[in-house]
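Throughout, numbering of the chain's residues begins at 1 and tracks the sequence. These numbers were taken from a predicted model, which means no experiment stands behind them. We use all heavy atoms of the structure for the numbers below, so side chains are in, but hydrogens, waters and symmetry mates are not.
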Amino acid sequence: MEESLIDRTAQLLNKARYLNMATAREGVPWVATLEYAWFPDPLHFVFGSSTGARHSGDIRAEPRVSGSLFVTSGAAGLDIAAVDGAQFTGRCTEIGPDRLDTYYALFYEAMFPDARQRAEWQLPVEQLRAPAPHRLYRVDVERWWLIDTRRWAEDRIDHRIELPLDAGTQARLSGHARPHAVSR
């Protein structure tokens, strides 16, 4: 069963284009929809954003985040079997100048595999360093849950099943990562 959860996780990570990330500051929640690249071992996401965005300010004040991502086959109507999703919790921090060179090209290659699109949309690296108004951010995923599709089929009650992100799971996820992956 755990291997199927790892396969589902990899499929979600590779197919979902956006993740929803929740932040909070002074008890006020916020959710942002973000394009992301994922990297294994340990599982983490990288996204770009303006330093003036609400979620960026929330992260500076409180780095704990939660989020979700999902995929659907895009079929018309309600086909619950064609939907899969995951939820996560973690810590989000700005990628500092010491790690920016590690992630810069990898992030944009993941976001825009087509070189022409990448050339059109990729920010110059100088626009991602202080005092410029954009940054790359990293979410270190601490816990990961998948929709428990087996239980839903049995009792029609919405449950989640946690996939522990231990060393074995992390190593097996690495085998599903796209070639741009970077560890630690």
Side-chain angles (χ1 to χ4, degrees), residues 9-26 28-72 74 85-144 165 170-184:
T9 293
Q11 184 172 12
L12 280 164
L13 292 168
N14 286 324
K15 288 189 176 184
R17 181 168 173 118
Y18 300 96
L19 63 83
N20 295 309
M21 187 180 71
T23 59
R25 185 176 2 164
E26 298 175 8
V28 180
W30 185 255
V31 174
T33 302
L34 305 162
E35 285 187 287
Y36 71 95
W38 76 277
F39 302 91
D41 202 16
L43 177 58
H44 59 286
F45 303 120
V46 173
F47 66 91
S49 195
S50 162
T51 58
R54 166 83 182 262
H55 55 272
S56 298
D58 290 353
I59 291 162
R60 285 189 297 274
E62 171 56 66
R64 290 178 299 168
V65 299
S66 64
S68 65
L69 51 102
F70 74 96
V71 294
T72 180
Q87 292 168 254
F88 64 88
T89 58
R91 297 184 73 73
C92 185
T93 55
E94 182 180 304
I95 294 176
D98 59 321
R99 297 285 297 187
L100 186 56
D101 289 337
T102 302
Y103 284 104
Y104 176 72
L106 296 171
F107 171 73
Y108 280 107
E109 287 168 11
M111 292 294 87
F112 305 103
D114 179 88
R116 287 184 301 245
Q117 282 186 324
R118 189 167 49 255
E120 180 179 351
W121 294 103
Q122 183 173 352
L123 292 175
V125 72
E126 302 80 40
Q127 289 188 18
L128 296 168
R129 290 191 173 110
H134 298 283
R135 298 289 186 283
L136 292 183
Y137 294 86
R138 176 179 165 147
V139 177
D140 290 299
V141 178
E142 295 171 344
R143 296 184 72 186
W144 182 264
L165 296 176
Q170 299 279 4
R172 291 196 305 260
L173 270 177
S174 291
H176 293 281
R178 294 188 177 148
H180 65 266
V182 62
S183 295
R184 306 215 190 269

Q.
Would you call the rings of Y108 and Y104 parallel, tilted or perpendicular, taking 30° and 60° as the class edges?
A.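 Correct class here is perpendicular.
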
Q. Any idea how Y103 and F39 line up, ring-wise: parallel (<30°), tilted (30 to 60°), or perpendicular (>60°)?
A.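 Aromatic pair Y103/F39 classed perpendicular.
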
Measuring from atom [atom1] of [X] to atom [atom2] of [Y], what distance do you get when rounded to the nearest 0.5 angstrom?
| X | Y | atom1 | atom2 | result |
| --- | --- | --- | --- | --- |
| L43 | T9 | CG | OG1 | 8.0 Å |
| Y36 | N20 | OH | CG | 10.5 Å |
| E94 | R60 | CD | CZ | 7.5 Å |
| L128 | I95 | CG | CD1 | 9.5 Å |
| L106 | D101 | CG | CG | 11.0 Å |
| F88 | L12 | CZ | CG | 12.0 Å |

List the atom of [X], the atom of [Y], and the distance in Å for their closest heavy-atom pair.
| X | Y | value |
| --- | --- | --- |
| S49 | H55 | OG-NE2, 2.7 Å |
| E35 | Y18 | CG-CE2, 3.2 Å |
| E126 | A132 | O-CB, 3.5 Å |
| D114 | R116 | OD2-N, 3.0 Å |

Do [X] and [Y] touch side chain to side chain, with heavy atoms closer than 4.5 Å?
| X | Y | result |
| --- | --- | --- |
| L165 | R143 | no |
| L173 | W144 | no |
| V139 | F47 | yes |

Is it the case that over 12 heavy atoms from other parts of the model lie below 6.0 angstrom from the [atom1] atom of [X]?
| X | atom1 | value |
| --- | --- | --- |
| F70 | CZ | no |
| R129 | CZ | yes |
| E26 | CD | no |

Q: Show the numbers, then the answer: is there a side chain to side chain contact (heavy atoms under 4.5 Å, CB included) between M21 and I59?
A: CA-CA 11 Å; M21 187 180 71; I59 291 162; 3.7 Å; yes

Q. Hey, mind stepping through R118 and E109 against side chain to side chain contact (heavy atoms under 4.5 Å, CB included) and telling me if it holds?
A. CA-CA 7 Å; R118 189 167 49 255; E109 287 168 11; 4.0 Å; yes

Q: Return yes if some donor-acceptor pair links the side-chain N/O of R54 with the main-chain N/O of T23 below 3.5 Å, else return no.
A: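 Pair absent, no side-chain N/O of R54 close to backbone of T23.
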
**Q.** Positive for side-chain contact (heavy atoms from CB on, under 4.5 Å) with R91, one of R138, E142, H44
**A.**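 By the side-chain contact (heavy atoms from CB on, under 4.5 Å) criterion, R91 pairs with just one of R138, E142, H44: E142.
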
Q: Using side-chain contact (heavy atoms from CB on, under 4.5 Å) as the criterion, point out the one residue from L34, L69, V65 that pairs with F45.
A: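 The residue from L34, L69, V65 that satisfies side-chain contact (heavy atoms from CB on, under 4.5 Å) with F45 turns out to be L69.
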
(Q) Using the rule given for side chain to side chain contact (heavy atoms under 4.5 Å, CB included), can you reason through L136 versus R99, listing the C-alpha separation, both sets of side-chain angles and the distance that settles it, and then say yes or no? (A) CA-CA 10 Å; L136 292 183; R99 297 285 297 187; over 6 Å; no

Q: Applying side chain to side chain donor-acceptor pair (under 3.5 Å), run through S56 and Y137 and close with a yes or a no.
A: CA-CA 9 Å; S56 298; Y137 294 86; 3.2 Å; yes

